[in-house]
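Proteins get letters first, then strands, A, B, ... in listed order; numbering begins at 1 in each. What's counted below: heavy atoms across the whole structure, side chains too, no hydrogens, waters or symmetry copies. Here the structure is a predicted model, which is why all the values come from computation and not from measurement.
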Amino acid sequence: MSGDSPTPANAFAKLGNFKPKSPVAAEALEAAARGAQKEIDQVAQTNGFPSREAAATSPSRKRFGAAGPKRQLNIKCPHELHDRYYSMAEERGHTELYKLLAEALDALQEKEARQDKSGNQ
Amino acid sequence: MPTVAVASPKGGAGKTTSALSLALQLAKQGAQVALLDADPNQPLAAFLEAGHCPENLHIVVDVNENNIAARIRETATQYPFVLIDLEGTAAKIVVNALQYADFVIIPMRGSYLDAKEAGKAISLITDQEQAMQRHVPGYKLPFSVLLTCTPSAYNTRITSGLRGDLAGLGVDVFDVEMKERDAFKALFKYNCPLEQMNPAEVPGLDGAIANAEALALEVLDKLQPLLESDR
């Protein structure tokens, strides 16, 4: 059982009997493997041989409403305007104050566009 | 023709040493051999990079769970012998490899703790064989347990007991054992075949070479029935 005895001459003569797998045999084995894939996956699961490959990662989706980088805009304003700004933002359900400013600027531009249009007519 | 998987969910069972020794001996005798390193740690990469690999031994290190079927297919139609050194964990890559294997060697240290882990591999092979039989009547996936790291000078009672127990369960066990030898460990120090090592630096080279040759011969004997099938 030790396997330490000298190897007889020509002991490896049978090596020449082995040839590469024929494409037909390879295809037959592959077809069988494909056919049995569901059962084989089940066997892997039952015997506790799970996949250990890292799952392919997809780019993370931006959360709804997420915006790009922001910059600070500090504006001093009268006390009344400050309170009016906060209450209008609350009424519209804004949790970020800049959204009310964006709406106000959009409304201003629309108003100006309308005025330009009526002035040109 | 044969694709031989070397598998055990137990790390340190001697899979890589056995697979590399077997591949080197077959290559030494002139066979064209492909050895797939399917362990994420790529234990054979250093051996390949050292540049002492025989020309007729093709080591493939880029093997993972997703491409192993393709790697086996590519090599099995080009090389008479394809050996797969699998990772020592219970992972899906083992299952994927066994789907395309013709024979499985299960290396196992001579201890009952290791026998328990080898039992998981046997259970997997048996279940996988049954699953394939539903699609290919008469399909067989033969396997044998290879005792490894056993004392080189004597047989222990534990080892003898294990042989008896495995035989009682109908499990085929190699007569040859991969003995605990410095020369086998030196494969990963010098990254060259045993025959190229310096006997002054590595003791017991002759014994290790004879051991590896005996393993290769017994593997060929076990593969012989495959010649009669079209696998």
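- Interface remark: A:Q42 contributes no atoms to any contact with chain B (heavy atom separation under 4.5 Å).
- Heavy atoms of other residues, nucleotides or ligands lying less than 6.0 angstrom from CD of B:E55 number 12 at most.
- Both the backbone and the side chain of B:Y100 come within less than 4.5 Å of a heavy atom in chain A.
- Remark: A:R34 CZ to B:H135 NE2 distance equals 12.5 Å, nearest 0.5 Å.
- Each of B:Q29, B:R73, B:Q25, B:Q130 has some count of heavy-atom pairs under 4.5 Å with chain A, and the biggest count is that of B:Q29.
- In this structure, the portion of B:Q78 lying under 4.5 Å from any heavy atom of chain A is its backbone and not its side chain.
- Residue B:A69: no heavy atom, backbone or side chain, is found under 4.5 Å from chain A.
- Contacts of B:L223 with chain A are made by both backbone and side-chain atoms, with heavy-atom separations under 4.5 Å.
- With a threshold of 4.5 angstrom between heavy atoms, A:A32 approaches chain B through its backbone and through its side chain.
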**Prompt:** How far apart are the C-alpha atoms of A:F18 and B:L226, what are their side-chain angles, what is the distance that settles it, and do they pass the side-chain contact (heavy atoms from CB on, under 4.5 Å) test?
**Reply:** CA-CA 9 Å; A:F18 294 92; B:L226 293 175; 5.5 Å; no
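- Distance check: A:S51 OG to B:N96 CG gives 8.5 Å after rounding to the nearest 0.5 Å.
- Taking CG from A:L29 and CG from B:D102, the interatomic distance works out to 7.0 Å, rounded to the nearest 0.5 Å.
- With a threshold of 4.5 angstrom between heavy atoms, B:L26 approaches chain A through its backbone and through its side chain.
- Taken from NZ in A:K19 to CG in B:L227, the straight-line distance is 10.0 Å, to the nearest 0.5 Å.
- In this structure, the portions of B:Q224 lying under 4.5 Å from any heavy atom of chain A include both its backbone and its side chain.
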**Request:** Could you give me the CA-CA distance, side-chain angles and deciding distance for B:I93 and A:F49, then say whether side-chain contact (heavy atoms from CB on, under 4.5 Å) is met?
**Result:** CA-CA 8 Å; B:I93 190 170; A:F49 283 69; over 6 Å; no
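- Comparing B:T150, B:T75, B:V94 by how many heavy-atom pairs each has under 4.5 Å with chain A, the most go to B:V94.
- When every heavy atom of A:R52 is checked against every heavy atom of B:A90, the shortest pair comes out as NH2-O, 2.7 Å.
- Side chains of B:S123 and A:N47: a donor-acceptor N/O pair is present below 3.5 angstrom, by distance only.
- Annotation: the span from B:K92 atom NZ to A:Q45 atom CD amounts to 10.0 Å, rounded to 0.5 Å.
- Between chain A and the residues B:E65, B:Q128, B:E87, B:K120, the largest count of heavy-atom pairs under 4.5 Å involves B:E65.
- Side-chain N or O atoms of A:E39 include none that pairs as donor or acceptor with a backbone N or O of B:A131 at under 3.5 Å.
- Nearest heavy-atom pair, A:A44 versus B:V95, reported as atom, atom and distance to 0.1 Å: CB-CG2, 3.7 Å.
- Within the 4.5 angstrom heavy-atom criterion, only side-chain atoms of A:K14, from C-beta onward, approach chain B.
- Separation of atoms CD1 (B:I72) and CD (A:E30) is listed at 10.5 Å; rounding is to 0.5 Å.
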